[in-house]
Structures are given as C-alpha cells and as structure tokens.
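Quick caveat: nothing in here was measured; it's all calculated off a predicted structure. Chain letters run A, B, ... following the sequence lines, proteins first and then strands; every chain starts at 1.
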2 protein chains.
Amino acid sequence: MKLTEAEWQIMNALWQKHPATAREIRDRLPAGINWAYTTIKTMLTRLVEKQAVSEIKQANTSVYDPLVSQQKARLSAFRSLLDQAFDGAIGPLVHFLAEEKQLTAREKAELAKILESEAQDKGE
Amino acid sequence: MKLTEAEWQIMNALWQKHPATAREIRDRLPAGINWAYTTIKTMLTRLVEKQAVSEIKQANTSVYDPLVSQQKARLSAFRSLLDQAFDGAIGPLVHFLAEEKQLTAREKAELAKILESEAQDKGE
DNA sequence: AAGATTCTACTACATCCGTAGAAGGCGACA
DNA sequence: TGTCGCCTTCTACGGATGTAGTAGAATCTT
C-alpha cells in the first residue's frame, strides 16, 4: 500500500479520529493545507479504490474509515525508504543516523534507549 | 533535493563509483532493472537539470558526477518520511520501531548500540 | 573510406498526481 | 413550494514520472 504525499495527509487526518466525513477530515488537515472540498473527495475516492479506506453512506453523506492501519502504512513507507535510499538494510540507516549531525544527541539518545530496552525484552 | 524512485536508482549507481558514463551507470543498476540506454540518458538529463549531477563532455561522451552527496539525499529522504508519516518527529518513529515485530531484535540492538555511543560522545 | 557501433539531442506518450470546477440531488426552513 | 446550503458524482487539466523510439553526429574497425 503505497500512499502519495497528499494521500498521507488525508490518512493522517483519518487515523486521528474515525469514522469521519470528508468535511471532518478537511477540518483536521494541518493548517496551511487548504484544499477545496472536492479535492478531498477526489482523494478519498482514490483511496477507496485503492482499498486504503472504506466508505459507507449514512443518509446522503459518506463516512470513511481506514482499512490500513497507521502501523502498516508506516512499515511500508519505512521499508520503501530503506530499499530506495539505504540499500534495503538497517545497517546503512544506522550509519547514517550516527553520522547525522542534524539529529540532536537527545534524539539519538531517546532512540537508543527505547530500542535497547526492547531488544533486551525479546532477547535474541 | 527530492529524488523520484527511478532517480534514486541512477544516483545509487552513480554514488557507487564516479565519474561515470551513462553506460557504466546502466551496467551498475541492480539486476532486474533493465532500462533502455536512452531511458538512462533521459533521467540523467533530468538530474542535470535538477542540478543533482554534473555532466562534462569528454570527446563525444558525457561523464557524470553527483552534485548532491548521498548523505544529503538520505537526510532529505529521511526528513520527508518523518514529516509525512511520523508527525515530523523522532518520537513516533522510535515508537514505531519499538513496536515493529518485523525488525529483528538484532537489528534493534544494533541500532541502539550505535546510537547510544554516539549520544554519549557528543553529550547534549 | 565504408560499415558498424555508440553517442547525443529531441520527441513522444501513457499514467499518475495534485487540484478543482460544474452540475445535479436532498433536506431544512421561510 | 422555492431556494439555501451541503452533499455527491463526473469531468478536466497541467505538470511530473517512467519509459523509450528516432535520427543524425562522432568514432572505431577494417
């Protein structure tokens, strides 16, 4: 399930709270995004075709629900990034993160802490 | 510098070893990608327009060099992913990685180890 | 110097993506 | 019952993207 940039916006709004109508989604889009109502509808239609969301008509108004979980969409995006930009492996990503001055030490520490405790839990 | 999927393929081949000619790039693309020579050229032209690579003509053949480093391209892709799929923050990504069963404990541990030593080095 | 090979520049074209207008249906309300 | 406001579906359109063919120039090979 590959989402486009605009579709991510919609999905993000939908995951936030659902089911939701097109208008609700629109109101929940980040400030700065001011799409016409019909634009939202168009994208919802496409997402329904893609089976990323479901649509049910209540009276004359459609309400939408995500069919793919945020977790799943994130995984897919994450894997794509890995494949495309990091040789498909965690190793190069780690390397990159370590090198990357633009991530603060705090961010790195946070990342490290959680991952470490996780790894211990599971053992390996 | 936003690269498309196909452009990443080209850039990956180019970063691997450069300068390189179109033909060399072509030969270095992952098995499974079998683009026509002219397809490579088209994309190189577009990358030159975008100023992602430079082109110098040696005799009648162009040789190409990356103008954006792999590190920079990676950063940009990483940030995009963060913004698009993880609320622009490391936190949610961490959360995701921790939850994600599909990353092995080994991968997580590896990630954690490097990040931790990094964070300590730098202090914050 | 003819022929084969290889390169470049230009053009093409289907599909996807972002974005939205137009037109018509329906319930609320004066 | 006319019309206001919101909803829906259908249609559109320019630009980006993936993919490549064609034609002619340059170079190698005998």
Side-chain angles (χ1 to χ4, degrees), chain A residues 1-14 18-65 73 76-77 80-81 83-85, chain B residues 1-14 18-65 73 76-77 80-81 83-85:
Chain A
M1 186 57 44
K2 186 97 178 157
L3 301 173
T4 71
E5 267 178 52
E7 285 169 350
W8 269 98
Q9 299 297 336
I10 303 285
M11 292 306 288
N12 283 335
L14 190 53
H18 56 90
T21 66
R23 193 152 299 274
E24 286 163 353
I25 287 171
R26 176 171 137 113
D27 293 341
R28 258 187 259 131
L29 288 175
I33 295 194
N34 275 23
W35 289 324
Y37 178 81
T38 50
T39 300
I40 315 277
K41 283 292 285 185
T42 299
M43 289 192 299
L44 281 167
T45 300
R46 289 180 185 168
L47 284 165
V48 169
E49 275 163 19
K50 274 190 174 184
Q51 309 197 53
V53 315
S54 68
E55 174 176 19
I56 295 174
K57 246 174 264 227
Q58 308 264 322
N60 84 329
T61 300
S62 287
V63 284
Y64 300 89
D65 264 291
S76 152
S80 289
L81 179 71
D83 286 346
Q84 180 157 87
Chain B
M1 186 57 44
K2 187 94 176 157
L3 301 173
T4 71
E5 247 175 284
E7 286 169 350
W8 269 98
Q9 298 298 335
I10 302 285
M11 292 306 288
N12 283 335
L14 189 52
H18 58 89
T21 65
R23 192 153 298 273
E24 285 164 354
I25 288 171
R26 176 169 137 115
D27 292 341
R28 259 186 259 130
L29 288 174
I33 295 193
N34 275 21
W35 289 326
Y37 178 82
T38 50
T39 299
I40 315 278
K41 285 290 286 183
T42 299
M43 289 193 298
L44 281 167
T45 301
R46 288 179 186 170
L47 284 165
V48 168
E49 275 162 20
K50 274 193 173 183
Q51 308 197 51
V53 316
S54 67
E55 174 176 19
I56 295 176
K57 244 172 260 209
Q58 309 262 326
N60 84 329
T61 300
S62 288
V63 284
Y64 301 88
D65 264 292
S76 153
S80 289
L81 178 70
D83 287 346
Q84 180 155 89

(request) Using a 4.0 Å heavy-atom cut-off across all strands, classify B:T42 as base, sugar-phosphate, or nothing. (result) base
(message) Under 4.0 Å, heavy atoms only, any strand: does B:T4 hit a base, just the sugar-phosphate, or nothing?
(response)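 Answer is sugar-phosphate: B:T4 comes under 4.0 Å of backbone atoms only.
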(request) Nearest-nucleotide wise, let me know which of B:R46 and B:Y37 is further upstream toward the 5' end of DNA chain C. (result) B:Y37
(request) Specify the residue among A:E5 and B:K57 whose closest nucleotide of DNA chain C lies further upstream toward the 5′ end. (result) B:K57
Candidates [options] - which lies nearest the side chain of [X]:
{"X": "B:N60", "options": "D:dC6, D:dT27, C:dC17", "result": "D:dT27"}
{"X": "A:R23", "options": "D:dT9, D:dC6, C:dT19", "result": "D:dC6"}
{"X": "A:T61", "options": "D:dC7, D:dG18, D:dA20", "result": "D:dC7"}
{"X": "B:M43", "options": "C:dT8, D:dT19, C:dC7", "result": "D:dT19"}

(message) With hydrogens left out and only the distance checked, is there a donor-acceptor pair under 3.5 Å joining A:T38's side chain and the base of C:dA22?
(response) no
(message) Regarding C:dG18, can its base be found pairing with the side chain of A:T39 as donor and acceptor, where the two atoms are less than 3.5 Å apart?
(response) no
(message) C:dA22, OP1 or OP2 - any side-chain N/O from A:K41 closer than 4.0 Å?
(response) no
(message) For a 4.5 angstrom cut-off between non-hydrogen side-chain atoms, does A:V53 reach A:M11?
(response)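 Yes, side chains in contact.
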